[in-house]
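Heads up: the structure comes next, in structure tokens.
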Protein chains: 2
Amino acid sequence: MTISKALEAAYLVGRLERLARSGVTVEGLNPAQWEALRYLARANRFSRTPAALADYVGSTRGTISQTLIALEQKGLAARRASARDGRSVELALTRRGEAVLKQDPLLHLAQDIALGTDDDPAKLVTTLQAILAATIARNEGRAFGVCHSCRHFRRNARPGASSPHHCGLLDEPLSEADSKDICQEQEAAA
Amino acid sequence: MTISKALEAAYLVGRLERLARSGVTVEGLNPAQWEALRYLARANRFSRTPAALADYVGSTRGTISQTLIALEQKGLAARRASARDGRSVELALTRRGEAVLKQDPLLHLAQDIALGTDDDPAKLVTTLQAILAATIARNEGRAFGVCHSCRHFRRNARPGASSPHHCGLLDEPLSEADSKDICQEQEAAA
DNA sequence: AATCTATAGTAGCGACTCGATATCATCAAG
DNA sequence: CTTGATGATATCGAGTCGCTACTATAGATT
């Protein structure tokens with residue numbers, strides 16, 4: 001009984017996503033490129049690398065490389081050699097990239113969700129997070145959660161400083177803005 | 001406030017679907033082929049045509065034609081000239097097609113949903129349906145709802161008969177099984 | 001220091017997907 | 001019997017993405 005309802009929900013998710021995606025070549029960006037832009041807008045500075053992005057979207061590095069090249073050519077993202085690791089590349093959105101994100105076709109879906117959940121979209125968010133966690137676990141992937149809910153996050157370790165929080169794993173100070181970002185290393189607090 | 005939660009939910013839906021889809025070439029079927037199989041398993045006999053399928057998945061007829069050819073070559077679906085309309089083709093799953101559906105990769109997602117909604121997946125289903133309705137309306141598409149909730153559905157118009165129900169639009173008798181199928185013509189009851 | 005192994009990223013190839021167009025057959029209307 | 005609309009298919013091409021191979025760097029081992 002429960003399983004049939006769950007199956008029905010799975011069908012709906014699949015169909016919803018397909019419909020939301022149809023006709024989505026807005027701004028000349030393909031879905032993978034949109035997803036990369038979204039990620040770059042929300043990932044913290046330690047997670048803005050091609051490898052992290054590849055893990056996040058469940059794709060390969062080769063594919064991500066192509067996506068990033070395309071974004072760079074369009075002037076929406078920038079690649080810069082990392083100072084810490086000579087092999088590594090740091091990614092960032094450009095001004096234009098941030099502007100283009102305001103045209104994100106997913107905003108239409110967000111409106112539909114707002115309409116369809118009139119009372120509490122928050123409930124839907126928690127439900128989806130739980131489902132996503134199960135899916136990620138099955139795929140043996142990382143959660144990529146938000147920094148401030150990580151078990152390595154130490155709130156207000158330096159009171160008064162401009163970066164008052166601290167990441168115990170990376171041993172790095174964190175600003176308030178940092179704490180809201182997506183982090184590759186995130187492990188949910190117990 | 002509400003809109004930011006809705007946006008968060010939209011992100012989650014997108015990511016969930018992408019993860020669920022990754023590595024999905026099970027049984028040598030691509031996502032479009034899976035979706036066609038699913039549709040054929042759930043659509044009523046008036047809606048099992050290439051054109052209806054194309055409308056349902058929001059694709060073009062040319063693309064659907066290729067998908068169906070592939071499915072036919074694999075022995076999963078059958079095409080038969082329609083008796084009513086010489087231009088039209090009637091689709092059906094084969095035995096093998098029904099068997100293969102039991103390997104549907106979406107079943108994994110269904111399990112994740114069952115895990116993530118432990119208490120009431122039914123609530124999620126109604127929420128998703130409402131969202132989907134909004135999306136379809138925005139795309140100016142048809143709802144493709146279930147037969148028995150259609151305003152043309154007349155329950156038990158012929159009591160005792162093997163096909164006791166009736167469709168006022170097509171003027172056709174309907175069995176109990178028919179009434180649970182997806183119908184292209186469906187219009188939600190007022 | 002020298003070497004070895006692992007990792008970050010890129011390049012290029014190739015399979016595949018899918019939409020656009022053109023074509024043909026059939027139906028419905030005048 | 002035209003004319004226009006519709007269902008379906010074949011063909012073509014753009015684009016997407018994963019795989020393999022390759023280079024460069026980092027870190028570990030001796």
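Each chain gets a letter, A, B and so on, in the order the sequences are listed, and its residues count up from 1.
Nucleotide dA11(C) holds its P atom 10 Å from the CD atom of Glu72(A), rounded to whole Å. In this structure, Leu53(A) places its CG atom 12 Å from P of dC17(D), rounding to the nearest Å. For the pair Trp34(A) CH2 and dT16(D) P, the computed distance is 14 Å after rounding to whole Å. What separates CG of Leu71(A) from C1' of dT16(D) is a distance of 14 Å, to the nearest Å. For the pair Asp55(A) CG and dA8(C) C1', the interatomic distance rounds to 12 Å; values are reported in whole Å. Rounded to whole Å, the distance from CZ on Arg80(A) to P on dA8(C) is 19 Å.
Hydrophobic clustering of Ile, Leu, Val, Met, Phe, Trp and Tyr side chains at less than 4.5 Å, counting indirect connections, unites Leu124(A) with Leu107(A).
The aromatic rings of His148(A) and Phe153(A) sit perpendicular, their planes meeting at an angle over 60°, well past the 30° parallel limit.
Within 4.0 Å (heavy atoms only), Thr67(A) reaches no atom of the nucleic acid at all.
Not a single donor-acceptor pair under 3.5 Å links the side chain of Gln66(B) to the backbone N or O of Thr63(B).
In terms of position along DNA chain C, the nucleotide closest to Gln33(B) lies nearer the 5' end than the nucleotide closest to the other residue of the pair Gln33(B) and Ala83(B).
Put simply, the residue from Thr94(B), Ile69(B), Leu29(B), Val100(B) that forms a side chain to side chain contact (heavy atoms under 4.5 Å, CB included) with Lys74(B) is Leu29(B). Under the side chain to side chain contact (heavy atoms under 4.5 Å, CB included) test applied with Pro50(A), the options Ile64(A), Thr67(A), Asp55(A) reduce to a single match, Ile64(A).
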* What string of B, S and - do you get for nucleotides 1-11 of chain D 5' to 3' if you count protein non-hydrogen atoms under 4.0 Å? -> -----BSSBSB
* Give the C-alpha distance, both sets of side-chain angles, the deciding distance and a yes or no for side-chain contact (heavy atoms from CB on, under 4.5 Å) between Leu12(A) and Ile131(B). => CA-CA 10 Å; Leu12(A) 289 171; Ile131(B) 295 168; over 6 Å; no
